[in-house]
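Comments concern the structure below.
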Amino acid sequence: MKIFNRILIIAVFVSGTICLVLIGCTKSKCGGVTCQNGAPCTGNVCVCPTGYSGTSCDKGWSDQVVGTYNCTRSGCVPGIADVGTWQSNVTKSSTNGGYTIEISNFDHSGSRIAATIDSLGNIHITPGSAGNGTSATGSYNNGKISLHYSTYSAGTMSYSCTM
């Protein structure tokens with residue numbers, strides 16, 4: 001009987017130890033947070049790839065700017081007539097939804113351009129995405145996008161505006 005009790009105690013101890021090891025191995029390295037968008041876990045923290053933020057790297061930098069905007073154009077040089085207000089849609093790009101966006105009806109011409117946004121809300125138009133050598137920079141702040149752009153035609157600046 002003593003041998004049976006010892007074997008039972010040893011079996012319970014060994015199985016308990018194995019159980020603790022297995023539970024420890026299956027526990028998330030990030031304290032229960034599942035890292036998303038390919039983010040690795042280092043020191044119990046998800047290390048977000050470019051274009052993503054948040055505890056689990058689930059928030060794309062582009063998420064904040066997606067929507068429909070009422071736009072106006074001003075300060076064009078040389079003097080292009082202001083066209084009043086128009087709507088422009090900003091969507092996530094299918095290429096990289098984390099930091100790449102597409103802006104439709106960008107300058108009230110119906111054009112669609114590609115742009116990137118960084119973690120600080122700075123927007124950069126992809127050169128040539130709007131044709132005619134359009135280049136632009138801008139920012140997103142408090143629900144508003146402000147773009148400063150220039151369009152070139154055959155190497156000569158056609159106009160420069162703020163939208």
Side-chain angles (χ1 to χ4, degrees), residues 21-77 80 82-163:
V21 168
L22 289 177
I23 291 171
C25 291
T26 59
K27 188 175 179 182
S28 173
K29 293 190 299 184
C30 285
V33 174
T34 302
C35 299
Q36 298 182 25
N37 296 303
C41 181
T42 304
N44 288 332
V45 175
C46 295
V47 180
C48 298
T50 299
Y52 296 94
S53 61
T55 305
S56 62
C57 302
D58 60 328
K59 296 179 180 102
W61 296 342
S62 62
D63 291 344
Q64 63 185 344
V65 299
V66 170
T68 301
Y69 293 83
N70 291 320
C71 305
T72 58
R73 177 171 58 203
S74 64
C76 292
V77 178
I80 292 177
D82 292 336
V83 292
T85 301
W86 71 93
Q87 285 193 331
S88 183
N89 290 312
V90 177
T91 58
K92 284 181 166 184
S93 171
S94 58
T95 307
N96 182 322
Y99 61 93
T100 305
I101 56 176
E102 293 179 354
I103 304 172
S104 67
N105 203 18
F106 160 66
D107 59 355
H108 196 57
S109 67
S111 64
R112 185 172 192 87
I113 60 167
T116 59
I117 184 166
D118 64 24
S119 62
L120 301 175
N122 298 310
I123 298 172
H124 303 279
I125 304 267
T126 304
S129 70
N132 296 330
T134 297
S135 64
T137 59
S139 61
Y140 174 82
N141 192 11
N142 293 326
K144 294 182 181 181
I145 293 177
S146 177
L147 294 174
H148 310 283
Y149 62 96
S150 299
T151 297
Y152 300 89
S153 179
T156 307
M157 183 167 56
S158 297
Y159 59 88
S160 176
C161 299
T162 300
M163 181 177 89

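Numbering starts at 1 and runs along the sequence shown.
- In terms of heavy atoms, S88 sits closest to I103 at OG-CG2, 3.3 Å.
- The side-chain hydrogen bond (donor to acceptor under 3.5 Å, both in side chains) test applied to T55 returns no partner, not counting sequence neighbours.
- Residues passing the salt bridge (Lys or Arg N to Asp or Glu O under 4.0 Å) test with K92 are D63, sequence neighbours excluded.
- The two residues L120 and D118 make their nearest non-hydrogen contact at N-OD1, 2.9 Å.
- Of the possible donor and acceptor atoms, one in the side chain of N105 sits under 3.5 Å from a partner among the backbone N and O of G110.
- A distance of 9.0 Å separates SG of C46 from CG of D58, quoted to the nearest 0.5 Å.
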Set out, in order, the CA-CA distance, both residues' side-chain angles and the distance that settles side-chain contact (heavy atoms from CB on, under 4.5 Å) for N70 and Q87, then state yes or no. CA-CA 5 Å; N70 291 320; Q87 285 193 331; 3.3 Å; yes
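- Counting non-hydrogen atoms of neighbouring residues, nucleotides and ligands closer than 6.0 angstrom, the OH atom of Y99 reaches no more than 12 such neighbours.
- Annotation: the span from E102 atom CD to T91 atom OG1 amounts to 5.0 Å, rounded to 0.5 Å.
- By the side-chain contact (heavy atoms from CB on, under 4.5 Å) test, S119 pairs with W61, sequence neighbours left out.
- Atoms CG and CD1, from N89 and I101 in turn, are 12.0 Å apart once rounded to the nearest 0.5 Å.
- Taken as a pair, C30 and C41 meet the criterion of an SG-SG distance shorter than 2.5 angstrom.
- In this structure, the separation between CD1 on I125 and OG1 on T137 is 8.5 Å, given to the nearest 0.5 Å.
- In this structure, cysteines C57 and C48 have SG atoms closer than 2.5 angstrom.
- A donor-acceptor distance shorter than 3.5 angstrom exists from the side chain of Y140 to the backbone of Q64, with no hydrogens or angles considered.
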